[in-house]
Student: 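What follows is a structure written as structure tokens; I'll ask about it next.
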Amino acid sequence: MARPPVRISAHAHTRTIALVTTAIAAAALLTGCSSSTGSRVPAPSGEKISLTIGTFGTFGYKEAGLFDEYMTLHPEITIEEHSTTQEPDYWKALEARLSDGGLYDVQALEVGRISLATSDEHSGAFEDLSQAPGVKQRDHLPWKWDQATTAGGRTIGLGTDVGPMAVCYRQDLFKAAGLPSDPDAVAELWRGDWAKFVEVGKTYQSEAPKGTYFMDTAAGLYNAVVSSSPQQYYANGTLV
């Protein structure tokens, strides 16, 4: 099968928000606390602490030895990671935990779900990290900080990365289809509007060399549109 001329490259599996749930975690590798289990305070000196973390896919913290490093520095804390392979399965389980109050101390969240987590329906399950020791708003990009901030001003999560996205394309195939091939000119074809991107794809297909296709998967475009939109699926519990 011929390779497509366009591929959207994005850190779809690492573009996450760490939703944190305990005051203990504020001193840990990831930060925060779940009000579903009640507010917590750091345990007395010498008391053993079990810090539970819910993740999906491979975040890399355990693999990089960061959990072990932290536990060596803080022998009173034991980190227990609960990882789910697929994010959709993880989110389904997390929704159930939001309902029954069984959240882990730290919960990871795909950024595409953050509008749901910051809604009035769910945000009360998480602590306000803007009040957590050591957390400073100035250390975060304004738009990234705002992503996990509720309408009421509570910041319930901290971004693990900014999730860069890029569109890669075949210059030779663009030229063959009569489209601009210079990066600046290509960027102008769909700047600021995914609908324009789709129209460019239609133009490409009408003139494309036989056996080639504009994109490799529809899912790649769907994920890019959803992840880069200011609202995903719901806004304050209402379908958008």
Side-chain angles (χ1 to χ4, degrees), residues 1-18 55-64 83-95 108-118 141-144 146-148 157 159-235 238-240:
M1 180 179 294
R3 294 178 61 187
V6 171
R7 177 162 298 175
I8 296 176
S9 176
H11 295 289
H13 300 293
T14 59
R15 194 184 305 111
T16 55
I17 296 291
T55 63
F56 54 90
T58 303
F59 272 58
Y61 302 133
K62 180 178 181 180
E63 292 76 6
S83 181
T84 302
T85 302
Q86 299 295 327
E87 191 277 337
D89 296 333
Y90 173 85
W91 173 250
K92 185 177 181 179
L94 179 56
E95 285 187 303
L109 183 67
E110 165 63 34
V111 73
R113 313 282 190 183
I114 193 60
S115 61
L116 292 174
T118 55
L141 291 171
W143 64 267
K144 195 65 176 179
D146 292 344
Q147 275 185 329
T160 61
D161 61 75
V162 297
M165 181 184 299
V167 176
C168 306
Y169 66 98
R170 289 267 303 272
Q171 288 185 318
D172 58 334
L173 293 180
F174 266 44
K175 288 180 180 178
L179 292 170
S181 59
D182 176 75
D184 291 336
V186 170
E188 291 301 323
L189 290 175
W190 53 70
R191 184 180 300 278
D193 190 344
W194 283 110
K196 293 180 180 179
F197 183 86
V198 173
E199 290 303 314
V200 173
K202 292 178 180 179
T203 299
Y204 175 84
Q205 287 302 148
S206 67
E207 303 292 338
K210 186 177 180 179
T212 68
Y213 302 91
F214 188 62
M215 291 196 64
D216 50 352
T217 67
L221 176 58
Y222 175 81
N223 289 331
V225 173
V226 171
S227 297
S228 61
S229 299
Q231 294 179 329
Q232 297 87 22
Y233 308 117
Y234 296 90
T238 301
L239 184 65
V240 297

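Any value given below was found using the heavy atoms of this structure, including those in side chains, with hydrogens, waters and symmetry copies removed.
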Student: Examine distances only and state if a side-chain atom of Glu207 and a backbone atom of Gly178 form a donor-acceptor pair shorter than 3.5 Å.
Tutor: no
Student: Please verify the inter-ring angle class for Phe59 with Tyr61; under 30° counts as parallel, over 60° as perpendicular, anything in between as tilted.
Tutor: tilted
Student: Check whether any side-chain heavy atom of Arg113 lies under 4.5 Å from a side-chain heavy atom of Glu87, and answer yes or no.
Tutor: yes
Student: Could you go through Gln86 and Phe56, starting from their C-alpha distance and side-chain angles, then the distance that decides it, and tell me whether this counts as side chain to side chain contact (heavy atoms under 4.5 Å, CB included)?
Tutor: CA-CA 6 Å; Gln86 299 295 327; Phe56 54 90; over 6 Å; no
Student: Would a distance-only check, ignoring hydrogens and angles, find a side-chain to backbone donor-acceptor pair under 3.5 Å from Thr212 to Ala208?
Tutor: no
Student: Is there a side-chain contact between Val167 and Phe197 in this structure, where contact means two heavy atoms from C-beta onward sitting under 4.5 Å apart?
Tutor: yes
Student: Below 4.5 Å, heavy atoms only, C-beta onward: do Ser83 and Lys62 meet side chain to side chain?
Tutor: no
Student: Looking at side-chain heavy atoms only, is the closest gap between Tyr222 and Thr217 below 4.5 Å?
Tutor: no
Student: Kindly determine whether Ile114 and Val111 satisfy side chain to side chain contact (heavy atoms under 4.5 Å, CB included), including the steps that lead there.
Tutor: CA-CA 5 Å; Ile114 193 60; Val111 73; 4.2 Å; yes
Student: Taking the six-membered ring for Trp, are Phe214 and Trp190 parallel (under 30°), tilted (30 to 60°) or perpendicular (over 60°)?
Tutor: perpendicular
Student: So do Trp91 and Thr84 actually touch side chain to side chain, heavy atoms under 4.5 Å?
Tutor: no
Student: Could you grab the distance from atom CZ of Phe174 to atom OG1 of Thr203, nearest 0.5 Å is fine?
Tutor: 10.0 Å
Student: Is the backbone N or O of Gly57 less than 3.5 Å from a side-chain atom of Tyr90, with the two atoms forming a donor-acceptor pair by type?
Tutor: no
Student: Using modelled atom types and a 3.5 Å cut-off, is there a donor and acceptor pairing between side-chain atoms of Tyr204 and backbone atoms of Leu179?
Tutor: no
Student: Would you please say whether a donor-acceptor pair under 3.5 Å links the side chains of Gln205 and Lys202?
Tutor: no
